[in-house]
Amino acid sequence: MENELVEQRKEKIKELRSLGIDPFQNNFKPTHEADNVLSTYANHSEEDLKNHSHEFSLAGRLITLRDFGKTIFFHIMDRTGKIQGYIRKDVIGDEKLGFFKKFIDIGDFIGIKGNLFKTKTGELTINIKDFKLITKSLYPLPEKWHGLKDVETRYRKRYLDLISNPEVKEIFLKRTRIIRLIREFLNERGFIEVETPILNTIAGGALAKPFKTYHNALDLELYLRIAPELYLKRLVVGGFERVYELGRTFRNEGVSTQHNPEFTIMELYQSYATYEDLMELVEELICYAGEAILGALEFDYQGMMIDMSRPWKRINLIESIKSKLAEDILGRDELLFKKAASLGIAHKGIRGKALTGIFERLVGDGIVDPTFVLGFPTDISPLARKNDLNPDITDRFELYIAGREVANAFSELNDPIDQKERFLRQLDLKSKGEEEIHEMDEDFIGALEQGMPPTAGAGIGIDRLVMLLTNSPSIREVILFPHLRPE
RNA sequence: GAGCCGUUAGCUCAGGCUGGUAGAGCAUCUGCCUUUUAAGCAGAGGGUCGCAGGUUCGAGUCCUGCACGGCUCACCA
């Protein structure tokens with residue numbers, strides 16, 4: 001059953017059609033936009049405006065309406081903002097006023113024409129000489145004062161959220177700007193943007209569970225990518241010495257305020273660079289975007305004051321754990337695993353998992369200002385180059401900000417023989433029951449056999465970066481259509 | 001996957017502890033109102049109280065199950 005509000009508006013559509021008026025028109029060309037008009041004439045006096053006979057035409061959604069009988073005030077909203085319109089019976093005439101009152105509802109798109117003036121309260125307003133119904137809206141807008149609050153409705157009907165909550169629109173505009181800034185930054189440094197397959201036969205480049213899908217014509221099981229890494233490194237082999245991809249990645253894992261099944265990652269690879277060089281690059285990149293968005297390098301995130309001033313702190317994973325523990329548990333695996341288990345970490349007998357788990361719990365969660373964490377264990381870094389002095393760790397860092405991992409980077413492993421051994425080691429772990437391992441990728445090893453120049457690569461979680469720079473508590477606030485169960 | 005909380009009119013929310021035929025504001029409709037901006041005044045309509053069971057003479061309210069959502073935790077980025 002349709003509700004009466006919709007019925008009333010459908011009735012209006014019928015009546016309009018019977019009058020020969022199309023309630024869904026396609027022929028209104030506005031000459032101006034709200035923000036531009038308001039900023040251009042903000043400092044004009046009433047006298048100036050009076051002598052200024054220019055006529056403006058604008059279009060937008062009617063969002064507020066105050067009817068005084070023989071006059072009407074309203075606001076319309078276009079892509080740039082909102083502007084007030086004023087209808088007077090003695091200006092517009094009886095017939096048009098009547099039409100407006102009878103057929104125009106909040107939510108409709110209308111086109112307006114008129115001169116600019118200032119109201120008593122000083123608001124620049126269009127004195128309407130003519131208007132046109134452009135698109136009829138059938139459904140009422142959310143409450144004008146409280147807006148749309150219901151979180152579920154906000155996500156399911158994001159269009160309503162964007163119409164009635166300006167701060168939400170602002171977040172997504174910022175997201176777009178951040179992504180544009182990242183592209184700008186990388187393009188200027190000679191990085192080439194590419195697109196690599198999302199449908200993969202082997203879901204490689206990370207340790208995560210993939211989504212499965214199926215290609216009918218090829219009768220082939222495929223996976224949605226969990227990272228673009230291995231394809232990008234093939235391109236480095238092919239001579240794209242500086243390359244990046246900014247796109248969607250999929251992981252078949254739990255959803256939370258930090259995790260959406262599909263999320264946006266930016267991965268870059270730079271030949272003849274090391275992970276040390278990438279610390280510089282990542283610092284510069286995030287500061288470049290951050291400063292442009294926030295106007296400062298110090299900002300509030302969910303009650304935490306974050307200082308992104310450079311240079312950023314660097315800590316060693318193992319050393320940082322040691323400093324938090326009373327006794328040395330790192331020398332003996334059984335002590336290490338016991339400690340991990342006591343913290344509820346599912347280490348599955350993998351030393352690196354236990355170590356990083358303990359790190360996250362004891363150190364990572366407490367990090368506020370940007371901090372590079374160095375010295376990640378080799379057994380959980382199957383694609384990273386081993387440290388020259390200590391083969392148990394890799395030349396890798398993760399960037400933590402506000403207790404969260406925002407970036408991950410390393411000097412790439414380009415020795416095909418070592419790479420093959422690492423994959424074999426992963427398969428060994430799989431046979432011992434570990435689910436999240438890196439599959440053997442013979443084709444990728446083939447690429448390394450061709451010779452990949454020394455290269456360092458970094459991945460940045462774009463959603464998390466956007467959360468940080470827009471002070472958003474949940475990843476769903478920075479993804480337009482976050483994953484929800486069907487109603 | 002587990003725990004806690006939530007779901008009442010188009011929207012924002014009361015009511016629920018202590019069971020007795022459902023409330024407000026905005027929006028809608030009618031009337032009045034020529035500088036308002038949460039406009040104002042007077043009146044009206046609008047609800048399978050998330051879904052399904054149970055207890056009861058009687059359930060929005062108590063109990064159970066389910067669905068969806070939020071937060072926290074676990075895995076992860």
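What's counted below: heavy atoms across the whole structure, side chains too, no hydrogens, waters or symmetry copies. Numbers restart at 1 for each chain; the letters A, B, ... are given by sequence-line order, proteins then strands. Model, not experiment: these values are computed from the prediction.
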Q: Would you indicate which nucleotide in A74(B), U28(B), U12(B) comes nearest to any side-chain atom of I106(A)?
A: U28(B)

**Q.** Closest nucleotide among U35(B), C71(B), C75(B) to the R88(A) side chain
**A.** U35(B)

Q: Once you apply the 3.5 Å cut-off to both distances, tell me the Watson-Crick or G-U wobble partner of A2(B), or none.
A: U72(B)

Q) In whole angstroms, how far is the C1' atom of G31(B) from the CG atom of D67(A)? A) 12 Å

(Q) Using a 4.0 Å heavy-atom cut-off, does F117(A) contact any base of the nucleic acid, only the sugar-phosphate backbone, or nothing at all? (A) base

Q: Sticking with atom P, work out how far G3(B) lies from G65(B), rounded to a whole angstrom.
A: 10 Å

Q) If you look at every strand shown and take non-hydrogen atoms under 4.0 Å, does N408(A) touch a base, only sugar-phosphate, or nothing? A) nothing

Q.
When you measure only distances, ignoring hydrogens and angles, does the side chain of T119(A) come within 3.5 Å of the base of U36(B) through a donor and an acceptor?
A. yes

Q: In whole angstrom, give the distance that lies between atom CG of D150(A) and atom P of C26(B).
A: 21 Å

Q: Describe the nucleic acid contact of G69(A) in one word from base, sugar-phosphate, nothing, applying a heavy-atom distance below 4.0 Å.
A: base

(Q) Over all strands shown, is T257(A) touching base, sugar-phosphate only, or nothing at heavy-atom distances under 4.0 angstrom? (A) sugar-phosphate

Q. When we call it a touch if two heavy atoms are under 4.0 Å apart, what does G459(A) touch: a base, just sugar-phosphate, or nothing?
A. nothing

Q.
Please determine whether the number of non-hydrogen atoms from other residues, nucleotides or ligands lying under 6.0 Å from atom NZ of K324(A) exceeds 12.
A. no

Q: Quick one: label L484(A) by what it contacts on the DNA or RNA (base, sugar-phosphate, nothing), any heavy atom closer than 4.0 Å.
A: sugar-phosphate

Q: With heavy atoms under 4.0 Å as the rule, sort I345(A) into base, sugar-phosphate or nothing.
A: sugar-phosphate

Q.
Would you measure the distance from the C1' atom in A38(B) across to the matching atom in G25(B) and give it in whole Å?
A. 10 Å

Q: Check if the side chain of Q84(A) and the base of U36(B) share a donor-acceptor pair of N or O atoms closer than 3.5 Å.
A: yes

Q) Does K120(A) make a side-chain N or O approach to OP1 or OP2 of U35(B) shorter than 4.0 Å? A) no

Q. Which part of the nucleic acid does R485(A) contact within heavy-atom distance under 4.0 Å: base, sugar-phosphate only, or nothing?
A. sugar-phosphate

Q) Contact class for D463(A) vs. all strands (heavy atom < 4.0 Å): base, sugar-phosphate, or nothing? A) nothing

Q: Report, as yes or no, whether the 6.0 Å neighbourhood of atom NZ on K113(A) holds more than 12 heavy atoms from other residues, nucleotides or ligands.
A: no

Q: Determine the interatomic distance between P on A24(B) and the same-named atom on G43(B); round to the nearest Å.
A: 13 Å

Q. Rounded to the Å, how far apart are F68(A) CZ and A38(B) P?
A. 11 Å

Q) Parallel, tilted or perpendicular for F99(A) and F103(A), by the 30°/60° rule? A) tilted

Q) Expressed in angstrom and rounded to an integer, what is the separation of R9(A) atom CZ from C29(B) atom C1'? A) 12 Å

Q | C1' atoms of U35(B) and C26(B), separation to the nearest Å | A | 23 Å

Q: Round to the nearest Å and state the distance from F74(A) atom CZ to A38(B) atom P.
A: 17 Å

Q | Interatomic distance at C1', G60(B) relative to G50(B), whole Å | A | 12 Å

**Q.** Base-pairing assignment for G65(B) (Watson-Crick or G-U wobble, both under 3.5 Å)
**A.** C51(B)

**Q.** K149(A) vs C11(B): side-chain N/O to OP1/OP2 distance below 4.0 Å
**A.** no

Q) At under 4.0 Å, does any side-chain N or O of R476(A) touch on OP1 or OP2 of G70(B)? A) yes

Q: Answer yes or no: does a side-chain N or O of R154(A) lie under 4.0 Å from OP1 or OP2 of C11(B)?
A: no

Q.
I need the CG-P distance between D365(A) and U72(B), as an integer number of Å.
A. 13 Å

Q | Residue matched to G43(B) through Watson-Crick or wobble contacts both under 3.5 angstrom | A | C29(B)

**Q.** pi-stack flag for F73(A) and U36(B), centroid dist under 5.5 Å, interplanar under 30°
**A.** yes

Q | P-based separation of C62(B) from C5(B) [nearest Å] | A | 12 Å

Q | cation_pi(K313(A), Y400(A)) dist<6.0 Å, angle<=45 | A | no

**Q.** Minimum-distance nucleotide (side-chain atoms of R156(A) versus U12(B), C68(B), U34(B))
**A.** C68(B)

Q: Calculate the interatomic distance between E4(A) atom CD and G10(B) atom P; express it in whole Å.
A: 9 Å

Q: Mark yes when over 12 heavy atoms from residues, nucleotides or ligands other than R422(A) sit less than 6.0 Å from its CZ; otherwise mark no.
A: yes

**Q.** K12(A) side-chain N/O to C29(B) phosphate OP1/OP2 under 4.0 Å
**A.** yes

Q) Around atom CD of E167(A), are there more than 12 heavy atoms of other residues, nucleotides or ligands at under 6.0 Å? A) yes

Q. What nucleic acid atoms does N260(A) come within less than 4.0 Å of, heavy atoms only: base, sugar-phosphate, or nothing?
A. base

Q: Provide the distance between the two C1' atoms, one in U56(B) and one in C41(B), to the nearest whole Å.
A: 47 Å

Q.
I'd like the P distance from C33(B) over to U21(B), given in whole Å.
A. 42 Å

Q.
Measure CD/E143(A) against P/A24(B) and give the value in whole Å, please.
A. 15 Å

Q. Looking for any heavy atom pair under 4.0 Å, which part of the strands does K82(A) touch: base, sugar-phosphate only, or nothing?
A. nothing

Q. Does the pair E398(A) and R314(A) meet the rule for a salt bridge (Lys or Arg N to Asp or Glu O under 4.0 Å), with working shown?
A. CA-CA 10 Å; E398(A) 284 192 354; R314(A) 301 179 183 192; over 6 Å; no

Q: Determine the contact category for L148(A): base if any of its heavy atoms lies under 4.0 Å from a base atom, sugar-phosphate if only primed atoms, P, OP1 or OP2 are that close, otherwise nothing.
A: sugar-phosphate

Q | Base G70(B) paired with E152(A) side chain (donor-acceptor, <3.5 Å) | A | no

Q: Map P142(A) and D90(A) onto RNA chain B by nearest heavy atom, then report which one ends up closer to the 5' terminus.
A: P142(A)

Q: Quick one: look up who A24(B) pairs with, Watson-Crick or G-U, both distances under 3.5 Å, and put none if it's unpaired.
A: U12(B)

Q. Hey, is E262(A) close enough to R248(A) for a salt bridge, meaning N to O under 4.0 Å?
A. yes

Q: Could you check whether Q8(A) gets within reach of a base, just the sugar-phosphate, or nothing at all, counting any heavy atom under 4.0 Å?
A: sugar-phosphate

Q.
Would you say NZ of K118(A) has more than 12 non-hydrogen atoms from neighbouring residues, nucleotides or ligands within 6.0 angstrom?
A. yes

Q) What does E436(A) touch in the nucleic acid at a heavy-atom separation under 4.0 angstrom: a base, only the sugar-phosphate, or nothing? A) sugar-phosphate

Q. Is any side-chain N or O of T153(A) closer than 4.0 Å to OP1 or OP2 of G69(B)?
A. no

Q: Mind telling me whether F423(A) and H438(A) have parallel, tilted or perpendicular rings, with 30° and 60° as the class edges?
A: parallel

